[in-house]
Q: 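The structure follows.
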Amino acid sequence: MLDRQVVKEFLEEAMDEIEIPQTILLGDLVEAFCKYVEDDYYEWLKDNFKSFFNHGNPDWDWIRGRIEHYSKC
């Protein structure tokens with residue numbers, strides 16, 4: 001779940017040159033954008049899970065290599 005306050009601050013900065021219609025409340029816009037991103041994020045996680053775990057047939061040697069690689073970052 002996204003931090004709504006962080007997203008609000010992001011939108012305020014990113015939309016600096018975009019005027020929000022008076023009929024749209026900033027809180028409603030933040031919530032709708034968060035849900036939109038979270039839906040996309042969930043699909044992205046599922047796709048990456050399939051890829052990382054080789055569609056249910058994990059290559060544990062490859063995974064160990066990824067663990068080693070990212071532990072050095």
Q: Suppose we screen for side-chain contact (heavy atoms from CB on, under 4.5 Å). Which residues come up paired with K72, at least two apart in sequence or across chains?
A: E68
Q: Only counting residues at least two apart or in another chain, list the ones meeting salt bridge (charged side-chain N to carboxylate O under 4.0 Å, His left out) with E43.
A: K46
Q: What about I20 and V7, same hydrophobic cluster or not, with Ile/Leu/Val/Met/Phe/Trp/Tyr joined at side-chain heavy-atom distances under 4.5 Å?
A: yes
Q: List for me each residue that meets salt bridge (charged side-chain N to carboxylate O under 4.0 Å, His left out) alongside D39, sequence neighbours excluded, and say none if there are none.
A: none
Q: Apart from Y41 itself, what residues make up its hydrophobic cluster, given side-chain heavy atom links below 4.5 Å?
A: W44, L45
Q: Please give the remaining members of the hydrophobic cluster of F52, linking ILVMFWY side chains under 4.5 Å, ordered by chain and number.
A: F49, F53, W60, W62, I63, I67
Q: Going by side-chain heavy atoms closer than 4.5 Å, which hydrophobic residues are tied to M1, directly or by a chain of links?
A: none
Q: Name all pairs fulfilling the side chain to side chain donor-acceptor pair (under 3.5 Å) condition that reach into residues 48-57, sequence neighbours left out, sorted by first residue then second.
A: none
Q: Among residues two or more places apart or on two chains, list those pairs meeting side chain to side chain donor-acceptor pair (under 3.5 Å) that have a residue in residues 6-18.
A: Q5-E9
Q: For residues 28-37, tabulate all N or O donor-acceptor pairs below 3.5 Å that involve a side-chain atom, not counting sequence neighbours.
A:
from	atom 1	to	atom 2	distance (Å)
E31	OE1	R4	NE	3.0
E31	OE2	R4	NH2	2.9

